[in-house]
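To keep things clear, I will list the structure first and then write my remarks on it.
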Amino acid sequence: MTGYTTYRIDWDGIAVLIRWTPDWHNQEIGHMEFISDDRVPIPVSETGYRSHFVFSEFIESNGGPAAYALQMLDFEADEAGWHEKECERRQLSLF
């Protein structure tokens with residue numbers, strides 16, 4: 001197993017550390033971790049951490065680890081209604 005390569009990305013104003021290894025346990029599958037600063041919620045995880053297994057070939061054909069991570073965050077945000085939920089979460093309430 002090779003070591004992990006790290007990438008820092010900014011998604012919608014949230015800093016996210018991406019850790020990636022293309023051959024998890026010498027398989028054709030890679031392992032990616034999403035870790036948001038201060039573990040704030042992100043579209044792929046309410047806890048700010050997600051472990052994700054994906055074929056390495058798929059990552060490369062989608063622009064590499066950082067590009068794939070951004071695409072995944074965008075996709076999950078759209079699917080889960082992230083922006084609406086995030087606005088509600090940030091909205092102050094008097095009650």
Side-chain angles (χ1 to χ4, degrees):
M1 179 170 83
T2 63
Y4 283 79
T5 303
T6 59
Y7 303 86
R8 300 259 332 142
I9 62 172
D10 179 276
W11 182 84
D12 200 30
I14 301 171
V16 181
L17 175 71
I18 304 300
R19 294 182 70 234
W20 167 249
T21 186
D23 59 350
W24 188 75
H25 289 287
N26 298 317
Q27 302 294 317
E28 292 178 10
I29 197 161
H31 182 239
M32 180 176 282
E33 293 177 309
F34 294 75
I35 308 165
S36 66
D37 283 5
D38 298 324
R39 298 288 179 103
V40 298
I42 51 179
V44 296
S45 171
E46 291 284 324
T47 65
Y49 174 84
R50 174 150 181 198
S51 174
H52 180 67
F53 294 92
V54 62
F55 286 105
S56 301
E57 184 178 294
F58 189 72
I59 294 292
E60 293 310 316
S61 68
N62 281 281
Y68 175 82
L70 288 167
Q71 291 169 24
M72 188 171 166
L73 287 162
D74 286 341
F75 177 80
E76 291 294 326
D78 288 343
E79 289 294 305
W82 167 263
H83 297 290
E84 292 81 10
K85 289 178 186 174
E86 187 63 8
C87 284
E88 289 173 13
R89 188 177 73 80
R90 291 183 184 183
Q91 177 65 41
L92 297 176
S93 174
L94 298 175
F95 306 99

task: Look up atom CD1 in I35 and atom CZ in R50, then write down how far apart they are to the nearest 0.5 Å.
output: 13.5 Å
query: What distance do F55 atom CZ and E60 atom CD have between them, rounded to the nearest 0.5 Å?
result: 14.5 Å
task: Kindly give the heavy-atom pair with the smallest separation between I14 and S36, and that separation in Å.
output: CG2-CB, 4.1 Å
query: For H31 and S51, which heavy atoms make the closest approach, and how far apart are they?
result: NE2-OG, 2.5 Å
query: Is the shortest heavy-atom distance from the side chain of P22 to the side chain of E28 under 4.5 Å?
result: no
message: Run the salt bridge (Lys or Arg N to Asp or Glu O under 4.0 Å) test against R19 and tell me which residues pass, sequence neighbours left out.
response: E33
- prompt: At their closest point, which heavy atom of I29 faces which heavy atom of S56, and how far apart are they?
  reply: C-OG, 3.9 Å
- prompt: For atom CD of Q71, is the number of surrounding heavy atoms from other residues, nucleotides or ligands below 6.0 Å larger than 12?
  reply: yes
task: Calculate, to the nearest 0.5 Å, the distance between atoms CD1 and CG belonging to I9 and L73 respectively.
output: 5.5 Å
message: So does I42 get a backbone contact from the side chain of S45, meaning a donor-acceptor N/O pair under 3.5 Å?
response: no
message: Using the rule given for side chain to side chain contact (heavy atoms under 4.5 Å, CB included), can you reason through M32 versus I59, listing the C-alpha separation, both sets of side-chain angles and the distance that settles it, and then say yes or no?
response: CA-CA 10 Å; M32 180 176 282; I59 294 292; 3.9 Å; yes
query: Do other residues, nucleotides or ligands put more than 12 heavy atoms under 6.0 Å from the CG atom of D10?
result: yes
task: Please round to the nearest 0.5 Å and tell me the distance separating atom NE2 of H52 and atom CH2 of W20.
output: 8.0 Å
message: Rounded to the nearest 0.5 Å, what separates atom CG in D74 from atom CG in D12?
response: 8.5 Å
- prompt: Heavy-atom count around Y49 OH within 6.0 Å, excluding the residue itself: above 12?
  reply: yes
- request: Return the minimal non-hydrogen interatomic distance between G3 and T21, and the atom names on each side.
  value: O-OG1, 3.5 Å
field: Nearest-0.5 Å distance, CG of residue L17 to CG of residue D37
entry: 8.0 Å
query: Closest heavy-atom contact between P43 and A77?
result: CB-N, 3.6 Å
- prompt: Nearest heavy-atom pair of F34 and A69: which atoms, and what distance?
  reply: CE2-CB, 3.7 Å
- prompt: For Y7, what residues pass the ring-ring contact (aromatic ring centres under 6.0 Å, His included) criterion, not counting sequence neighbours?
  reply: none
